[in-house]
Amino acid sequence: MSGGIAAYKSAEIVRLLRKQGCEVRVVMTASAQRFVTPLTFQALSGQTVHSDLFDIAQEQAMSHIHLARWADALLIAPASADLLAKMAHGLADDLLSTLCLAAQCPVYLAPAMNQAMWQHPAVKDNLALLRQRGVRVIGPASGEQACGEQGLGRMSEPSAICDVLMATDTTALLAGRKVMITAGPTREPIDPVRFISNRSSGRMGYAIAEAARDAGAQVTLVSGPVALPSPHGVRVIAVESAKAMHDGVMRRIDDCDIFIGAAAVADYRPAQVADAKLKKHDDTLAIVLEKNPDIIATVASLARKPFVVGFAAETDDLERYALGKLRDKNLDMIAANWVGQAEGGFDSERNALDVYWPGGHQALAMADKRELARRLILLIAQRRNENHTT
Ligand code: PMT
């Protein structure tokens, strides 16, 4: 626990985790102890609370290295802006920050801070760096804050944090599996300087790639042009057009176990690409388009077909169109999302999905795309296992 008014909620996290059979050891920074007392956490966890890097008595019993080795997961709740900065830069001047460096288990953060602090570019950069290194971020939630302001930044509810911690213990869920994911938009050239494209940022596909990697899979990400850093430990194949994405996928699909098509692939491309920049003449200009290959349908028609998960991006009649694509493209599962709304879909940090498979449906509620991707990977792994055992 680092310092923050949300520290009082961490008592409930300890209680819920213990109820689910977890052993919990609590490490508190000096600031955390200004908000709540170690005694509360000692009573709830049934264990001595650790706080001092240089406490001789505690060091003899269990040093930061021992604590790091002991834990199956490290959850920092609340995670303050200061703690994020220390983690991002590798500072280690107290027990908690030292533990963060020593930990080799999955690390989860439940950030809690004022909404303006959460929006600050320094916090965003630190968080992006930590995510890139594989740290998993739960929340924050939106709503009224202790300071009286409204917005994103309050710590997620204890039950939501525990759900993520327990449900996304996916570490070995896809161990040894080969997963290919497409992400981002495609660009269909008109002439040497112009193209047709769409609003996909790649965030959804990149988050899925990270979640699959965290679940132990060997991940190949075939990506259209995006402004995102390559996820650590993921093989990224950069492409531009739908045809190049098709070729990039088909060249590597052979021994793939799971294929997830999160890319917004252009359905059509200009039939003729001009060699020189088109000049302005008439009041109107007609460009003839021809159909692109349907990548996911091609993958789903292979003799040795992987488990194929498609996406459906719709502005209307979501369920009907999604079920139509599930059937017509011979998919095993489809994740449907609304696009063109105020929140979710294209170029948004958050999204919600309705996931359908033959005879089944599960709604994944609005959440940060990384959190959503973890839930989706869990569902995919469950469905794939059921398919293999029936
Ligand atoms: O990238 P973000 O900004 O994070 O936004 C995420 C997203 C909205 C792009 C993503 O969640 C999403 O919905 N991706 C699929 C978008 C899309 O093209 O949907 P579609 O309904 O047009 O296509 C259906 C499926 O066929 C998709 O799996 C698509 O990848 C695939 N497809 C489509 C055309 C084509 N030629 N080849 C394909 O493989």
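Read the numbers this way: they start at 1 and go in the same order the structure lists the ligands and their atoms.
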Is Arg15 paired with Glu12 through a side-chain N to carboxylate O contact shorter than 4.0 Å?
-> yes
Starting from atom 22 (O) of ligand 1, which protein heavy atom do you reach first, and at what distance in Å?
-> Lys325 NZ, 4.0 Å
If we only count heavy atoms from C-beta on, is the Ile260 to Ile377 side-chain gap below 4.5 Å?
-> yes
Kindly compute the distance separating SG (Cys256) from CZ (Phe307), expressed to the nearest 0.5 Å.
-> 12.5 Å
Under 4.0 Å between a Lys/Arg side-chain N and an Asp/Glu carboxylate O for Lys305 and Asp332?
-> yes
Please state whether Lys291 comes within less than 4.0 angstrom of ligand 1, counting heavy atoms only.
-> no
Can you figure out which of Pro185, Ser201, Ser348, Gly224 has its heavy atom closest to atom 2 (P) of ligand 1?
-> Ser201
When you check the gap from the basic side-chain N to the acidic O, do Lys124 and Glu349 get nearer than 4.0 Å?
-> no
Heavy-atom nearest neighbour in the protein, as seen from atom 31 (C) of ligand 1, with distance rounded to 0.1 Å = Ile296 CG2, 3.9 Å
Sub-3.5 Å donor-acceptor pair from the side chain of Asn330 to the main-chain atoms of Ala300, do we have one?
-> yes
Donor-acceptor under 3.5 Å (Ser10 side chain, Ile13 main chain) | no
Could you see which bit of Ser200 sits under 4.0 Å from ligand 1, with heavy atoms only: side chain, backbone, both or neither?
-> both
Are more than 12 heavy atoms from other residues, nucleotides or ligands located less than 6.0 Å from atom CG of Asp255?
-> yes
In terms of residue, atom name and distance, what is the protein heavy atom nearest to atom 9 (C) of ligand 1?
-> Phe346 CE2, 3.6 Å
Atom indices of ligand 1 within 4.0 angstrom of Gly202 heavy atoms, with elements = 1 (O), 2 (P), 3 (O)
Would you check whether Ala312 reaches within less than 4.0 Å of ligand 1, judged by its heavy atoms?
-> yes
With a 3.5 Å cut-off and no angle check, do the side chains of Tyr206 and Ser223 form a donor-acceptor pair?
-> yes
Among all protein non-hydrogen atoms, which one is nearest to atom 28 (O) of ligand 1, and what is the separation to 0.1 Å?
-> Gly261 O, 2.6 Å
Check ion pair Glu157-Arg154 (N to O, under 4.0 angstrom) = yes
Where ligand 1 meets Lys369 - atom numbers and elements under 4.0 angstrom, heavy-atom basis = 2 (P), 3 (O), 4 (O), 5 (O)
Could you check which of Tyr206, Tyr321, Phe311 puts a non-hydrogen atom nearest to atom 25 (C) of ligand 1?
-> Phe311
With a 4.0 Å cut-off on heavy atoms, is Gly345 touching ligand 1?
-> yes
Of the backbone atoms (N, CA, C, O) and the side-chain heavy atoms from C-beta on, which set of Asp267 has a member under 4.0 Å from an atom of ligand 1: side chain, backbone, both, or neither?
-> side chain
Within the structure, does Gly184 bring an N/O atom to less than 3.5 angstrom of an N/O atom in ligand 1?
-> no
Protein residue, atom and distance nearest to atom 18 (O) of ligand 1, heavy-atom basis = Ala264 CA, 3.3 Å
Atom 37 (N) of ligand 1 has as its nearest protein heavy atom Ile295 N, 3.1 Å
What are the two closest heavy atoms between Phe35 and Ala7, and how far apart are they?
-> CB-CB, 4.1 Å
Close N or O approach (Thr182, ligand 1; < 3.5 Å) = no
Could you list which atoms of ligand 1 come closer than 4.0 Å to a heavy atom of Asp347?
-> 2 (P), 3 (O)
Heavy-atom distances under 4.0 Å are what count here, so tell me which part of Lys329 touches ligand 1: side chain, backbone, both or neither.
-> side chain
Just do the side chain to side chain donor-acceptor pair (under 3.5 Å) check on Thr298 and Ser301 with the steps written out, would you?
-> CA-CA 5 Å; Thr298 314; Ser301 69; 5.6 Å; no
Counting distance only, does the side-chain N/O of Asn126 pair as donor-acceptor with the main-chain N or O of Leu84 below 3.5 Å?
-> no
Non-hydrogen atom of Ala242 closer than 4.0 Å to ligand 1 | no
Out of Gly310, Ala263, Ala266, the nearest non-hydrogen contact to atom 29 (C) of ligand 1 is supplied by Ala263
With heavy atoms of Arg203 as the reference, note each atom of ligand 1 found under 4.0 Å away.
-> 1 (O), 2 (P), 4 (O)
Checking heavy atoms under 4.0 Å, the part of Pro293 that sits near ligand 1 is backbone
Under 4.0 Å between a Lys/Arg side-chain N and an Asp/Glu carboxylate O for Arg131 and Asp368?
-> yes
Check step by step if side-chain contact (heavy atoms from CB on, under 4.5 Å) holds for Arg136 and Ile138.
-> CA-CA 7 Å; Arg136 302 155 196 206; Ile138 307 171; 5.7 Å; no
Shortest protein contact, atom 14 (N) of ligand 1 (heavy atom only) = Ala262 O, 2.9 Å
closest protein heavy atom to atom 19 (O) of ligand 1 is Ala313 N, 3.6 Å
Hey, is Asn337 touching ligand 1 through its side chain, its backbone, both or neither, going by heavy atoms under 4.0 Å?
-> side chain
